Amino acid sequence: MAFRIYNYPLLNSPLSSTSLHLPRRLPTPNPLLFSNNNNSKILGVNSGKRRCVSVRVQTTERRAMPEDKMLVFVPPHPLIKHWISVLRNEQTPCPIFKSAMAELGRLLMYEASRDWLPTISGEIQSPMGVASVEFIDPREPVSIVPILRAGLALAEHASSILPATKTYHLGIIRDEETLQPTVYLDKLPEKFPEGSRVFVVDPMLATGGTVIAAIELIKERGIDNKQIKVISAVAAPPALQKLSEKFPG
């Protein structure tokens, strides 16, 4: 797997003593966030120059990730790099910008749902005979929580990439005087079903105040840290640091 995975806090983090050190040219990282609790594959810091990157090789043995860490995944897929480039271009027209955000959201949800969705096994009758198959369990839909309004564009294709979803809108604005987030629309359920998985969708994480307020509301409705992933197009260090400290795992 070719993920670059950052185990927060990023700065001054010692590299694993079990790492392999390989020289390689690293492009500027796409600032995309989604937290996960799967095994780390790659840990490195990017400068655009030829650097030494530390690679942890995954074996068949599954190792538990630290309970007190948040993982930041930066998928290196060329389509993700393409749509990020379109979004960053100041000459991109508004309609194309919106379309690029939706396509980016589709790709990020595909990557974020890897090894995370509940499945069921069974048998079907194929043209060649009976076949053993695996489906996404429709009884456990993934909850999509876009933070209005910008989150709507990033979450636009959620239902096309995920077979079973439920969408709950959350509107949060920041008070320009106090700089504190204020909830103006809360369509979250009173209680999420046990074991629910939640995608919080917010294109830009700057100070982190809005996404932290959203996660706190979701946790109040019965969701554990490990069942939450944040999907974002841009994530600044202050937001990532706050998320890591406030929501370990």
Side-chain angles (χ1 to χ4, degrees), residues 32-37 70 72-73 75 79-80 83-84 87 94-120 135-174 181-206 208-235 239 243 247 249:
L32 310 175
L33 166 70
F34 39 93
S35 54
N36 197 343
N37 60 346
M70 178 190 72
V72 178
F73 287 64
L79 286 174
I80 290 177
W83 293 118
I84 278 287
L87 291 172
C94 287
I96 295 178
F97 183 93
K98 181 178 181 298
S99 176
M101 187 71 77
E103 289 301 321
L104 178 64
R106 185 207 304 269
L107 293 167
L108 290 181
M109 288 184 190
Y110 173 83
E111 296 286 7
S113 60
R114 187 188 302 270
D115 300 327
W116 200 57
L117 300 177
T119 59
I120 52 175
F135 293 100
I136 302 301
D137 192 343
R139 298 167 299 180
E140 299 184 40
V142 176
S143 297
I144 310 295
V145 181
I147 299 179
L148 305 184
R149 293 185 318 251
L152 291 174
L154 199 60
E156 182 174 329
H157 293 318
S159 60
S160 69
I161 193 69
L162 299 169
T165 62
K166 285 188 176 180
T167 300
Y168 304 99
H169 297 99
L170 196 56
I172 302 178
I173 58 173
R174 187 174 70 167
T182 302
V183 178
Y184 66 88
L185 179 69
D186 182 355
K187 291 295 185 179
L188 297 177
E190 297 251 342
K191 187 84 171 175
F192 283 95
E194 185 176 354
S196 293
R197 294 161 174 80
V198 179
F199 281 156
V200 180
V201 185
D202 190 5
M204 185 174 70
L205 309 182
T210 298
V211 72
I212 285 174
I215 293 175
E216 286 177 338
L217 286 172
I218 291 168
K219 285 176 60 65
E220 289 174 3
R221 316 294 169 92
I223 299 296
D224 182 73
N225 288 356
K226 293 182 180 180
Q227 298 302 104
I228 300 172
K229 291 189 179 185
V230 177
I231 296 185
S232 175
V234 177
L243 282 168
F247 305 111

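Because the structure is predicted, anything quoted here is derived from the model rather than measured. Note: hydrogens, waters and symmetry copies are ignored here, and every other heavy atom, side chains too, is used.
- Within 6.0 Å of atom NZ in Lys219, more than 12 heavy atoms from other residues, nucleotides or ligands are found, so the atom counts as buried in its surroundings.
- Between Thr165 and Ala158, the shortest heavy-atom contact is CG2-O, 4.1 Å.
- Ile172 places none of its side-chain heavy atoms less than 4.5 Å from the side chain of Thr182.
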Verify side-chain contact (heavy atoms from CB on, under 4.5 Å) between Val234 and Leu87, making sure each step is shown before the conclusion. CA-CA 10 Å; Val234 177; Leu87 291 172; over 6 Å; no
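- Evaluation of the side-chain hydrogen bond (donor to acceptor under 3.5 Å, both in side chains) rule for Arg149 yields no partner, not counting sequence neighbours.
- With contacts defined as side-chain heavy-atom distances shorter than 4.5 Å, the pair Ile136/Val142 does not qualify.
- Among all heavy-atom pairs drawn from Val211 and Ile147, the shortest one is CA-CD1, 4.3 Å.
- Atom CD of residue Glu156 and atom CG of residue Leu104 lie 12.5 Å apart, to the nearest 0.5 angstrom.
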Yes or no on side-chain contact (heavy atoms from CB on, under 4.5 Å) for His169 and Leu152, after CA distance, side-chain angles and deciding distance? CA-CA 9 Å; His169 297 99; Leu152 291 174; 3.5 Å; yes
Between Arg114 and Glu111, is a salt bridge (Lys or Arg N to Asp or Glu O under 4.0 Å) present by the stated rule, with each step listed? CA-CA 6 Å; Arg114 187 188 302 270; Glu111 296 286 7; 2.7 Å; yes
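- Side-chain contact check for Ile218 versus Tyr168: every heavy-atom pair is 4.5 Å or farther apart.
- Here the CG atom belonging to Leu79 is positioned 10.5 Å from the CZ atom belonging to Arg106, to the nearest 0.5 angstrom.
- Separation of atoms CG (Leu243) and CD1 (Ile228) is listed at 10.0 Å; rounding is to 0.5 Å.
- Residues Val145 and Leu217 fail the side-chain proximity criterion, which asks for heavy atoms closer than 4.5 Å.
- Considering every non-hydrogen atom in both Ala155 and Met109, the closest pair reads CA-CE, 3.7 Å.
- Note that CD1 of Ile96 and CH2 of Trp83 are 8.5 Å apart. Values are rounded to the nearest 0.5 Å.
- At least one side-chain heavy atom of Leu162 sits less than 4.5 Å from a side-chain heavy atom of Leu117.
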Side-chain atoms of residues 188-198: list all donor-acceptor pairs with protein atoms under 3.5 Å, sequence neighbours left out, distances to 0.1 Å.
unit_1: Ser196; atom_1: OG; unit_2: Pro193; atom_2: O; d: 2.6
unit_1: Arg197; atom_1: NE; unit_2: Trp116; atom_2: O; d: 2.6
unit_1: Arg197; atom_1: NH1; unit_2: Glu140; atom_2: OE1; d: 3.4

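- For the side-chain contact (heavy atoms from CB on, under 4.5 Å) with Leu107, the qualifying choice from Ile161, Ile84, Ile80 is Ile80, the only one to do so.
- Considering all non-hydrogen atoms of both residues, Ser232 and Pro203 come closest at OG-O, 2.9 Å.
- Residues Met101 and Ala153 share a closest heavy-atom pair of CG-CB, 3.8 Å.
- Closest non-hydrogen pair, Ala239 versus Leu205, comes out as CB-CB, 3.7 Å.
- Counting heavy atoms from C-beta on, the side chains of Pro146 and Leu154 never come closer than 4.5 Å.
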Intermediate values then yes/no, salt bridge (Lys or Arg N to Asp or Glu O under 4.0 Å), Arg139 and Asp137: CA-CA 5 Å; Arg139 298 167 299 180; Asp137 192 343; 2.9 Å; yes
